[in-house]
**Student:** 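Starting off with a structure, shown below.
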Amino acid sequence: MPSAVEHPWDLSPTEAVKMQRELRDRIVLQPLEMPVRRIAGADISFNMYSDVFFAAIVVLDYTTLEVIESAYFTETVSFPYVPGLLSFREIPTLLKAWQQLKEKPDVTMVDGHGIAHPRRMGIATHFGLATGSPTLGCAKKILSGHFTPPAQEAGSTSPILDKEEVIGYALRSKARTNPLFISPGHLLDLEGALAIARHCLGKYKLPEPTRLAHQMVNAYRREHGAND
DNA sequence: GCGACAG
DNA sequence: ATCTTGTCGC
């Protein structure tokens, strides 16, 4: 098992940017070695204007895309939302849910970007480094880089470019919907991330891991901290 | 200097 | 991110 990177999380935004520059050198982008048996979806939910977070990690069978197990955790967070520093706000809670899983997944799809980030340190990449496991990012909006809209047909893609470098793909998961933005996080490469995202598409716009994690974390929030 | 800006 | 049913359009 690859080494998980350990570091303090109680940082100021300025210190967080410095930390990202240090962590960047530890990113490993390579083809997945082993075939995927289980894939997880990771997501955070909270009530508007509240700092009480709810995290969920949902593990699915890669072949059937059916839920095998899920873990949850809730706590109050203090790091502010700053575009580019999302991982410092959401990962601590996600890690506490992750620790409760009986069996870790082979790869995890995180809500947000992987290397399609100004410093290549999106939440999916950071989560991969923190757990020492393969990850990819699936975001609904672009954060950095440029792309030309994919063709209208479902399954079409176009590269997300930062200068000359390809940092991810815009994927039209369904016809007549805005594209999703897929990028590798850690211990995975560009093509592998795209192949996995496509494999996980079902009847909806969002890939099953992300869609189910979002649905289940919202159910968890509503039956627990109903209010704040 | 100005606009953009994941969740 | 979150509040929310039906409704208009491709």
Side-chain angles (χ1 to χ4, degrees), chain A residues 9 13 16-17 20 23-24 41-57 72-95 97 108-130 135-147 149-154 156 160-163 167-186 193 197 205-207 209-211 213-228:
Chain A
W9 290 93
V17 170
Q20 289 183 323
L23 293 173
R24 178 176 184 163
D43 195 19
I44 288 287
S45 178
F46 55 90
N47 291 309
M48 195 164 30
Y49 306 133
S50 170
D51 49 6
V52 176
F53 273 27
F54 298 83
I57 306 284
Y72 307 86
F73 197 84
T74 180
E75 68 180 344
T76 298
V77 302
S78 58
F79 198 93
Y81 171 67
V82 179
L85 299 180
L86 182 65
S87 63
F88 291 89
R89 180 168 165 78
E90 300 194 345
I91 286 184
T93 312
L94 285 175
L95 286 178
T108 300
M109 183 180 288
V110 183
D111 232 354
H113 293 95
I115 62 169
H117 175 284
R119 292 171 293 281
R120 305 293 178 269
M121 278 295 297
I123 185 170
T125 299
H126 204 158
F127 189 76
L129 288 168
T135 58
L136 70 152
C138 175
K140 293 175 287 298
K141 292 188 288 186
I142 191 121
L143 172 63
S144 68
H146 298 79
F147 71 102
Q152 288 303 319
E153 304 83 69
S156 301
I160 300 173
L161 300 169
D162 182 7
K163 304 290 183 179
I167 57 176
Y169 293 100
L171 168 63
R172 182 98 58 191
S173 58
K174 291 301 204 183
R176 284 170 260 97
T177 63
N178 293 322
L180 297 176
F181 302 94
I182 309 298
S183 60
H186 182 50
K205 168 178 176 176
L206 295 179
T210 289
R211 186 183 72 82
H214 191 266
Q215 173 183 297
M216 294 174 80
V217 76
N218 278 327
Y220 170 67
R221 171 174 56 80
R222 287 162 184 152
E223 66 187 57
H224 283 69
N227 318 299
D228 301 316

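Quick note on labels: first sequence line is chain A, next is B, and so on, each numbered from 1.
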**Student:** Tell me what Ile142(A) touches on the nucleic acid: a base, only sugar-phosphate, or nothing, going by heavy atoms under 4.0 Å.
**Tutor:**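 The residue Ile142(A) makes sugar-phosphate contact but no base contact.
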
**Student:** Between dA1(C) and His214(A), is there an OP1 or OP2 to side-chain N/O distance shorter than 4.0 Å?
**Tutor:**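 Looking at the OP1 and OP2 atoms of dA1(C), one of them is under 4.0 Å from a side-chain N or O of His214(A).
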
**Student:** On the nucleotide dC8(C), are OP1 or OP2 found under 4.0 Å from the side-chain N or O atoms that Arg176(A) carries?
**Tutor:**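 Indeed not, no polar side-chain atom of Arg176(A) lies that close.
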
**Student:** Ignoring hydrogens and geometry, is there a side-chain-to-backbone donor-acceptor pair from His113(A) to Lys141(A) under 3.5 Å?
**Tutor:**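 Yes, His113(A) side chain to Lys141(A) backbone: donor-acceptor pair under 3.5 Å.
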
**Student:** Just to be sure I understand the rule, does Gly137(A) reach a base, reach only the sugar-phosphate, or reach nothing, if contact means heavy atoms closer than 4.0 Å?
**Tutor:**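 If one applies the 4.0 Å heavy-atom cut-off, Gly137(A) turns out to touch nothing in the nucleic acid.
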
**Student:** Answer yes if the side chains of Arg172(A) and Ser156(A) hold a donor-acceptor pair under 3.5 Å, and no otherwise.
**Tutor:**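 Result is no, nothing qualifies.
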
**Student:** Taking the side chain from Thr125(A) and the backbone from Gly114(A), do they hold a donor-acceptor pair closer than 3.5 Å?
**Tutor:**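 Judged by distance alone, yes, a pair lies under 3.5 Å.
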
**Student:** Using whole Å, what does the distance between atom C1' of nucleotide dA6(B) and atom CE of Met121(A) come to?
**Tutor:**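 Roughly 14 Å, once rounded to whole Å.
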
**Student:** Can you find a side-chain donor-acceptor pair between Asp51(A) and Thr76(A) that sits under 3.5 Å?
**Tutor:**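 The criterion, which ignores hydrogens and geometry beyond distance, is not satisfied for Thr76(A) and Asp51(A).
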
**Student:** Is Arg119(A) near enough to dA6(B) that one of its side-chain N or O atoms lies under 4.0 angstrom from OP1 or OP2?
**Tutor:**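 No, Arg119(A) has no side-chain N/O under 4.0 Å of OP1/OP2 on dA6(B).
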
**Student:** Nearest-Å distance, CG (Asp162(A)) to C1' (dC5(B))?
**Tutor:**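 The answer, rounded to whole Å, is 15 Å.
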
**Student:** Roughly, in whole Å, what's the span from OH in Tyr220(A) to P in dT2(C)?
**Tutor:**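 Rounding to the nearest Å, OH of Tyr220(A) and P of dT2(C) are 15 Å apart.
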
**Student:** At under 4.0 Å, does any side-chain N or O of His113(A) touch on OP1 or OP2 of dC5(B)?
**Tutor:**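 No, because none of the side-chain N or O atoms of His113(A) sits under 4.0 Å from OP1 or OP2 of dC5(B).
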
**Student:** Choose from dG7(B), dA6(B), dC3(C) the nucleotide whose nearest atom is closest to any side-chain atom of Leu143(A).
**Tutor:**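 Nearest listed nucleotide: dA6(B).
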
**Student:** Using the salt bridge (Lys or Arg N to Asp or Glu O under 4.0 Å) rule, take Asp162(A) and Arg120(A) through it: C-alpha gap first, then chi angles, then the decisive distance, then the call.
**Tutor:** CA-CA 11 Å; Asp162(A) 182 7; Arg120(A) 305 293 178 269; 2.8 Å; yes

**Student:** Taking only the side-chain nitrogens and oxygens of Asn47(A), find out if one of them lies under 4.0 Å from OP1 or OP2 of dA1(C).
**Tutor:**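 Checking Asn47(A) against dA1(C): no side-chain N or O falls below 4.0 Å of OP1 or OP2.
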
**Student:** Counting heavy atoms from C-beta on, name the nucleotide in dT2(C), dG7(B), dA6(B) closest to the side chain of Ile123(A).
**Tutor:**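 It is dA6(B).
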
**Student:** Is Tyr49(A) near enough to dT2(C) that one of its side-chain N or O atoms lies under 4.0 angstrom from OP1 or OP2?
**Tutor:**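 For dT2(C), neither OP1 nor OP2 has a side-chain N or O of Tyr49(A) closer than 4.0 Å.
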
**Student:** Could you tell me whether Arg89(A) sits above the aromatic face of Phe46(A), with NZ or CZ closer than 6.0 angstrom to the six-membered ring centre and within 45 degrees of the axis?
**Tutor:**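 The answer is yes, since Arg89(A) meets both limits relative to Phe46(A).
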
**Student:** To the nearest angstrom, how far is Ile167(A) atom CD1 from dA6(B) atom C1'?
**Tutor:**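 Checked: the CD1 to C1' distance equals 12 Å.
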
**Student:** Please confirm whether the shortest side-chain N or O distance from Ser45(A) to OP1 or OP2 of dT2(C) is below 4.0 Å.
**Tutor:**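 Looking at the OP1 and OP2 atoms of dT2(C), one of them is under 4.0 Å from a side-chain N or O of Ser45(A).
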
**Student:** Find the distance Ile44(A):CD1 to dA6(B):P and express it as a whole number of Å.
**Tutor:**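 Taking CD1 of Ile44(A) and P of dA6(B), I get 17 Å after rounding.
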
**Student:** Centroid distance below 5.5 Å plus an interplanar angle below 30 degrees: do Tyr81(A) and dA1(C) meet both conditions?
**Tutor:**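 Whether judged by distance or by angle, Tyr81(A) falls short somewhere, so it does not stack on the base of dA1(C).
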
**Student:** Across the strands shown, which category fits His126(A) at heavy-atom distances under 4.0 angstrom: base, sugar-phosphate, nothing?
**Tutor:**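 Counting heavy atoms under 4.0 Å across all strands, no contact is made by His126(A).
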
**Student:** Taking any heavy-atom pair under 4.0 Å as a contact, classify Leu85(A): base, sugar-phosphate, or nothing.
**Tutor:**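 The residue Leu85(A) makes base contact.
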
**Student:** Could you give the CG-to-P distance, from Leu86(A) to dA6(B), as a whole number of Å?
**Tutor:**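 Checked: the CG to P distance equals 9 Å.
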
**Student:** Within the structure, does a side-chain N or O atom of Lys140(A) lie under 4.0 Å from either OP1 or OP2 of dG7(B)?
**Tutor:**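 For dG7(B), OP1/OP2 do have a side-chain N/O of Lys140(A) under 4.0 Å.
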
**Student:** To the nearest Å, give me how far apart CZ (Phe53(A)) and P (dG7(B)) are.
**Tutor:**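 Checked: the CZ to P distance equals 13 Å.
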
**Student:** Once you round it to whole Å, what is the distance between C1' of dC10(C) and NZ of Lys174(A)?
**Tutor:**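 Between C1' of dC10(C) and NZ of Lys174(A): 16 Å.
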
